[in-house]
Number of protein chains: 2
Amino acid sequence: MSTPERLIEATQELLWERGYVGTSPKAIQQRAGAGQGSMYHHFAGKPGLALAAVSRTAAEMRGTAGRLLDGPGSAYERIAAYLLRERDVLKGCPVGRLTMDPEVIASDALRAPVDETIDWLRGRLAEIIQEGLDQGEFSPGLAAGEVAAAVVATVQGGYVLARASGSTAAFDSAVQGLLSLLAPAAPAGLA
Amino acid sequence: MSTPERLIEATQELLWERGYVGTSPKAIQQRAGAGQGSMYHHFAGKPGLALAAVSRTAAEMRGTAGRLLDGPGSAYERIAAYLLRERDVLKGCPVGRLTMDPEVIASDALRAPVDETIDWLRGRLAEIIQEGLDQGEFSPGLAAGEVAAAVVATVQGGYVLARASGSTAAFDSAVQGLLSLLAPAAPAGLA
DNA sequence: GTCTATAGAGTGATAGAC
DNA sequence: GTCTATCACTCTATAGAC
């Protein structure tokens, strides 16, 4: 793999593990197996490299989520597929995590891909929930946009609960709680 | 105010704004108006001071949430009071934020007050939701513990959405979405 | 209790040789 | 493109005077 490529991937990993503030150029170079000069030749310092890494992480996340949300099944099933997909729960969300970093929030350039990704996810979920509402799959009074925000928030918050307790159980619990609230009313005759 | 007191409060603020990794002893001293020697006289370095600050922040949060959850009203009303309380949404949660800090997670001492606070909140919410279930206030099939986890996660994730977009709107939207999912079925004759 | 001095390591970057 | 050298600064802490 090329040196710029290795630098970007090392930065993606470190931003996920330690955030922007907690990641030093030196650590990036060591993980990438690249020298000082090499890094500064290919990128405009730590901010430039971080921008490349964050943009790529954001794009990858859109790809992963998009494939599940565009899959087969009812609205409920596609949302469940997204919520129940395999995750490195204890590592947290590589995109959402960045919102807690003061220097990411202070930089419009770094925050933009984060904002766009989360906003895209919320919008895509809202479309699917609206489909479900149109099909009579969910309670009629619901606002698709608000429920979509609650879905995204449950995932992001689930990471917080899991990392606080050091166990994935709390994430799974929150997801189950949300799914049970969202569940299509059991068709008459089931219970 | 005493010097130790000022140091603790300055640390609470900086941990909220920048996390543990992003906060230096020097910054704490400057905000507290205390010298180097003063800080190291009263506390065992950055970790000791952080532990004092985190413990206090956690206790304050339990107080705030406890007062709302112990208040008057139905189960739904008390949960809504908690969800809709005034918050510095764009600053994030002073407790939950710490779960994204690698050094907090690496330290059992620092993580403990965070874990205990979030766990206490989830437990208290579960009790209230169970009360609501016993009163027939919510859909009978729900698991109190899971719904409680979803409530906490929605709040924690709401902060992520708000900080990503730079606006409090997304937080409010997620909370409304959750409340609409949780809402007692409208009594017959309302619409 | 508070102050200044000092210290070794790390940070983020530039310069210039190869 | 990559390397080493160098830089001014910050980080976290200790020592010892006052």
| field | Nearest-Å distance for atom pair NE2/P, residues A:H41 and C:dA13 | value | 17 Å

| query | Applying salt bridge (Lys or Arg N to Asp or Glu O under 4.0 Å), which residue pairs with at least one partner in residues 69-83 of chain B are found, sequence neighbours left out? | reply | B:D70-B:R124, B:R78-B:E131

| Mind checking whether A:L179 and A:L68 sit in one hydrophobic cluster, side chains of I, L, V, M, F, W, Y counted as touching below 4.5 Å? | no

| query | Can you list the residues that meet the ring-ring contact (aromatic ring centres under 6.0 Å, His included) rule with B:Y20, with sequence neighbours excluded? | reply | none

| said: Among A:R87, A:R97, A:K91, exactly one meets side-chain hydrogen bond (donor to acceptor under 3.5 Å, both in side chains) together with A:Y159. Which residue is that? | reply: A:R87

| said: I need the NZ-P distance between A:K46 and C:dT14, as an integer number of Å. | reply: 15 Å

| message | Once you apply a heavy-atom cut-off of 4.0 Å, does A:G37 come out as touching a base, just sugar-phosphate, or nothing? | response | base

| message | Rounded to whole Å, please give me the gap between OH in B:Y40 and P in C:dT4. | response | 16 Å

| Which parts of residues 2-23 of chain B get close to DNA chain D, meaning a heavy atom less than 4.0 angstrom away? | B:T23

| Cluster companions of B:Y40 among Ile, Leu, Val, Met, Phe, Trp, Tyr (side-chain spacing under 4.5 Å) | B:L7, B:I8, B:L14, B:I28, B:M39, B:F43, B:L49

| So where does chain B start and stop touching DNA chain D, 5' to 3', when the test is distance under 4.0 Å to a non-hydrogen atom? | D:dC11 to D:dT14

| query | Does A:R31 have any side-chain hydrogen bond (donor to acceptor under 3.5 Å, both in side chains) partners at least two apart in sequence or in another chain, and if so, which? | reply | A:E13, A:E17

| Going hydrophobic residue to hydrophobic residue with side-chain gaps under 4.5 angstrom, can you get from A:L142 over to A:L125? | yes

| said: With rounding to the nearest 0.5 angstrom, report the CE to SG distance, B:M61 to B:C93. | reply: 4.5 Å

